[in-house]
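Here's the structure we're looking at; comments come further down.
Every heavy atom of this structure was used, including side-chain atoms; hydrogens, water molecules and symmetry mates were not. This structure is a prediction, so every number in the text was calculated from the model and none was measured. In what follows, chains carry the letters A, B, and so on, assigned in the order in which the sequence lines appear, proteins first and then strands, with residues in each chain numbered from 1.
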Number of protein chains: 2
Amino acid sequence: MNKKQQQSEDTKRRIAEAAKALIMQKGYKSTSIEEIVEATGSSKGNIYYHFKSKEGLFLYLIEEWDLEWEQKWSSKEHQYTTITDKLYGIADQLVFDDLNHPFSKALDEFLNSSESMSEDVEQRITQIIRNRLEFNQKLLQQGIDQGEFENHNVEHLSIIFESLIAGLSQMSQMAKLDNVLALYHSAIRVLLYGIAKKPGMNNGR
Amino acid sequence: MNKKQQQSEDTKRRIAEAAKALIMQKGYKSTSIEEIVEATGSSKGNIYYHFKSKEGLFLYLIEEWDLEWEQKWSSKEHQYTTITDKLYGIADQLVFDDLNHPFSKALDEFLNSSESMSEDVEQRITQIIRNRLEFNQKLLQQGIDQGEFENHNVEHLSIIFESLIAGLSQMSQMAKLDNVLALYHSAIRVLLYGIAKKPGMNNGR
DNA sequence: TAAGATACAGAACGAACGTTCAGTATAGAA
DNA sequence: TTCTATACTGAACGTTCGTTCTGTATCTTA
């Protein structure tokens with residue numbers, strides 16, 4: 001690879017990194033190109049040289065984010081044996097590696113800001129969401145097949161799981177909580193065992 | 001009350017109503033004063049006559065929203081006997097009466113858009129959230145005291161419940177789902193009984 | 001009915017925004 | 001070294017935004 005190509009890739013990376021950090025902090029609409037310029041030391045024109053628009057930059061970040069998540073997970077998944085363990089593992093990855101579930105909030109904001117966005121961008125994003133739900137669904141189905149979970153409606157379960165996850169990151173930000181990991185684990189435990197009293201059963205911890 | 005006072009209150013109401021609908025649809029930042037003008041037939045100046053700023057208008061809506069929720073709930077609460085029933089009842093109110101949980105999303109966007117907002121507004125809003133969590137906490141504590149729920153960490157539980165609720169409304173919008181009520185009920189059922197297999201137990205539907 | 005307060009209209013403003021573009025520097029090819 | 005495609009700059013543009021301000025109509029009160 002050329003020195004020039006290398007430099008070009010580097011600055012594109014720098015822009016993407018800064019944009020991601022800012023959008024995670026402040027959301028999509030509230031993050032301006034000008035702020036990305038200040039954060040990178042690059043120029044406005046240069047951002048538009050590497051990305052065709054703000055929307056395009058955001059889509060780039062979403063796709064990267066989605067990809068990284070899958071890669072990280074598939075490199076960790078084998079550590080866990082049961083599906084139950086995997087659920088906890090997902091919680092761990094969300095809290096630790098992924099401080100970027102703030103990002104899903106930005107995604108939501110972007111989607112629901114209404115006002116026309118390019119057809120392709122919208123399609124690409126909804127597809128990513130459906131992928132995520134499909135991922136959950138497969139995992140939960142495995143749990144059922146292997147006798148770990150009750151035979152529930154997996155479509156609903158996958159949405160409920162994703163909702164819980166998304167809601168948790170939202171709430172833990174809003175209420176400015178610490179010990180987020182413990183909260184996530186509590187949530188998984190509730191998801192698994194519920195809160196209802198089960199007379200004569202001991203599901204301690 | 002005067003005819004003039006009456007008219008004044010009416011238009012203030014009209015403005016608030018239109019603003020609420022728009023903000024629920026498109027979020028806080030993406031809703032412009034101009035759009036509220038178009039929706040009401042009122043003028044820009046008039047909006048600023050009734051509300052001191054866009055931020056102030058939003059705070060007004062939040063407080064109203066919070067109040068209405070409490071009123072609606074306290075008028076329904078007596079219908080339900082067990083706390084378990086009340087959880088389902090809350091889900092019902094969220095889906096039916098409150099198509100405005102989209103509003104909590106707008107609240108989130110508003111809070112996390114960072115960029116300075118008035119001290120008092122921020123304080124008022126975080127207080128509303130803490131109220132909501134406190135409401136959950138009391139309800140769940142009652143459930144424990146009355147022997148319906150296991151003796152879990154109620155602080156965590158209240159956040160988990162709120163997270164689930166917020167996440168559900170978010171997801172059901174994003175994925176454009178129908179049959180939202182069934183989904184909410186599924187979620188409550190999971191919250192109560194979990195998904196883990198409980199050998200020898202029959203907790204069907 | 002006159003005076004004054006209240007309710008409303010809409011032009012105007014300055015700031016912030018995403019985007020474009022003419023121009024410049026630089027690295028690789030010739 | 002000269003040429004050219006690539007990488008980058010920053011001023012400028014056209015909108016859109018929240019907010020302000022001057023002026024006007026309308027209702028209340030004296």
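- Among residues two or more places apart in sequence or in another chain, the side-chain hydrogen bond (donor to acceptor under 3.5 Å, both in side chains) test is passed with B:D145 by B:Q141.
- In this pair, A:F51 and A:Y60 present their aromatic rings perpendicular. The plane angle is above 60°, beyond the 30 to 60° band.
- Scored by the side-chain hydrogen bond (donor to acceptor under 3.5 Å, both in side chains) test, B:Q6 finds B:D10 as partners (sequence neighbours excluded).
- Checking the phosphate oxygens (OP1, OP2) of C:dC8, no side-chain nitrogen or oxygen of B:Y49 falls inside 4.0 Å.
- The side chain of A:S42 places an N or O atom within less than 4.0 Å of a non-bridging phosphate oxygen (OP1 or OP2) of D:dT9.
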Legend entry - Heavy-atom protein contacts under 4.0 Å, nucleotides 19-30 of chain C, coded B base, S sugar-phosphate only, - none: BBB----BBS--
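- Look at CG on A:D10: it is 15 Å from C1' on D:dT6, rounded to the nearest Å.
- In this structure, the CD1 atom of B:I23 is 14 Å from the P atom of D:dC17, given to the nearest Å.
- Legend: residues meeting salt bridge (charged side-chain N to carboxylate O under 4.0 Å, His left out) with B:E64, ordered by chain and number and at least two apart, are B:R13.
- Nearest-nucleotide assignment on DNA chain D puts the 5′-proximal partner with A:K12, out of A:K12 and B:E35.
- Under the side-chain hydrogen bond (donor to acceptor under 3.5 Å, both in side chains) criterion, A:N136 pairs with A:E162, sequence neighbours left out.
- Listed by chain and residue number, nothing satisfies the side-chain hydrogen bond (donor to acceptor under 3.5 Å, both in side chains) test with A:Q146 (two or more places apart in sequence, or in another chain).
- Remark: A:S32 is in phosphate contact with C:dC17, judged by side-chain N or O atoms under 4.0 Å from OP1 or OP2.
- Here the P atom of nucleotide C:dA7 and the CD1 atom of B:I47 are 16 Å apart, to the nearest Å.
- In this structure, the CD atom of A:Q6 is 17 Å from the P atom of D:dT6, given to the nearest Å.
- A cation-pi contact links A:R132 to A:W65, judged by a cut-off of 6.0 Å to the six-membered ring centre and 45° from its axis.
- OP1 or OP2 of C:dA7 has at least one side-chain nitrogen or oxygen of B:S8 nearer than 4.0 Å.
- Put simply, CD1 on B:I36 is 13 Å from C1' on D:dT19, counting in whole angstrom units.
- In this entry the distance linking CD of B:E34 with P of C:dA12 reads 15 Å, nearest Å.
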